[in-house]
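Below, read A as the first sequence line, B as the second, and so on, with proteins coming before strands; counting in each chain starts at 1.
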Amino acid sequence: MWLENSKQFLATASRLLKVSGWMLLPLYLLIVIALWGAFLYAPLPDRPGADPAAIQALGDVQRIFYFHVSSAMNSFLAFFLVFIGGVAYLVTRNEKWDAFSAASAEVGIFLTTIVLTTGPIWAKPEWNTWFPWGDPRVMTELVLLLIFIAYFILRASLPEGEKKYKFAAVCGIIGFLDVPIVYLSIHLLRTLHPVVITATEIRLDPMIRQAWLMALVAIMVLTVVLVLLRTSMRLHHRAAQEMRQQLRERRARAA
Amino acid sequence: MNGNDYLFAAYVVIWTILFAYLFFLHRRQRQVARELQEVSETLERRSLGD
């Protein structure tokens with residue numbers, strides 16, 4: 001019976017690794033298409049009442065939009081996967097779900113970092129400030145990043161085992177509750193961020209919308225590939241730990 | 001070529017390099033997976049031999 005867990009981890013990890021491998025080439029093509037859409041296909045947006053010279057002066061920095069917004073939306077997806085993994089772990093107590101949650105949280109942090117670094121690059125020419133402290137969207141997004149950094153601090157502070165996975169699952173589920181707050185912050189509070197995407201419509205020029213959808217799909221596939229790859233790596237690591245533990249126990253018994 | 005063409009080309013190069021690295025990491029991980037599988041099988045054989 002021993003090694004049963006590690007064999008299961010290895011089998012799942014190998015399956016996930018294989019699937020992520022198949023997705024690499026399509027992902028590369030999608031990213032190139034998204035770059036083409038953002039830099040060459042999409043026009044600069046109309047700014048009603050604005051002087052065309054001013055539009056040109058702000059110019060191509062607006063193209064950050066395609067990857068900034070797509071990364072933000074996919075970070076929500078990644079944190080939703082943390083939530084799903086957390087609930088699934090609490091229901092099944094299967095460690096694979098914990099590995100999935102932790103991998104998704106890593107990818108969520110990666111995407112949120114992209115959002116919070118590309119945002120200021122865009123904010124400076126648009127709003128004349130690098131970081132609008134007090135803006136509800138920016139602050140709730142920053143809190144989201146800090147919550148999931150805290151998630152990893154919690155994980156690192158506990159020894160491997162059910163207690164750690166249980167706490168991490170609960171922390172991930174509670175952390176996810178900030179996502180609807182981030183989303184609703186521009187709808188319910190006064191903020192510098194324009195309301196472009198609502199539940200029922202996308203208020204964008206058709207060509208800009210198409211280019212944005214290309215970027216959204218590309219980053220979504222990148223998110224999935226990274227989650228699968230990191231889950232696979234985490235499961236391989238767990239399998240190795242399990243084998244080491246079993247060997248220690250065997251040695252102890254033999255002695 | 002105008003400025004945007006160069007920008008597009010630069011980003012494609014950056015992403016190509018990133019993907020080459022991702023592909024390398026993926027291959028490396030497959031190798032680690034194979035090695036772990038072998039270790040697991042060896043341990044199982046020894047355990048059955050006990």
- Message: Shorter than 4.5 Å, heavy atoms on both sides: which option in L226(A), L235(A), L25(A), I31(A) has the most such pairs with chain B?
- Response: I31(A)
- Using a cut-off of 6.0 Å, state whether more than 12 heavy atoms not belonging to F80(A) lie near its atom CZ. no
- Message: Counting only heavy atoms from other residues, nucleotides and ligands, does the tally under 6.0 Å from NZ of K124(A) exceed 12?
- Response: yes
- Which value, rounded to the nearest 0.5 Å, describes the distance between R30(B) atom CZ and H236(A) atom NE2? 11.0 Å
- Task: Kindly check if the number of other-residue, nucleotide or ligand heavy atoms within 6.0 Å of CZ (F152(A)) is above 12?
- Result: yes
- Task: Below 4.5 Å from any heavy atom of chain B, which atoms of L35(A) appear? Answer side chain, backbone, both or neither.
- Result: both
- Query: Considering only heavy atoms from C-beta outward, does the side chain of L36(B) approach that of M243(A) to under 4.5 Å?
  - Reply: yes
- Checking heavy atoms, do the side chain of A240(A), its backbone, both or neither come under 4.5 Å from chain B? both
- In terms of heavy-atom contacts, does NE2 of H68(A) have more than 12 from other residues, nucleotides or ligands at under 6.0 Å? yes
- Query: Do any of residues 211-225 of chain A have a heavy atom less than 4.5 Å from a heavy atom of chain B, and if so, which, in residue order?
  - Reply: L222(A)
- Shortest non-hydrogen contact from L40(A) to F8(B)? CD1-CD2, 3.6 Å
- Message: For residues 19-27 of chain B, give me every residue with a non-hydrogen atom less than 4.5 Å from any non-hydrogen atom of chain A.
- Response: F19(B), L22(B), F23(B), H26(B)
- Query: How far apart are the C-alpha atoms of V12(B) and W36(A), what are their side-chain angles, what is the distance that settles it, and do they pass the side chain to side chain contact (heavy atoms under 4.5 Å, CB included) test?
  - Reply: CA-CA 9 Å; V12(B) 169; W36(A) 170 80; over 6 Å; no
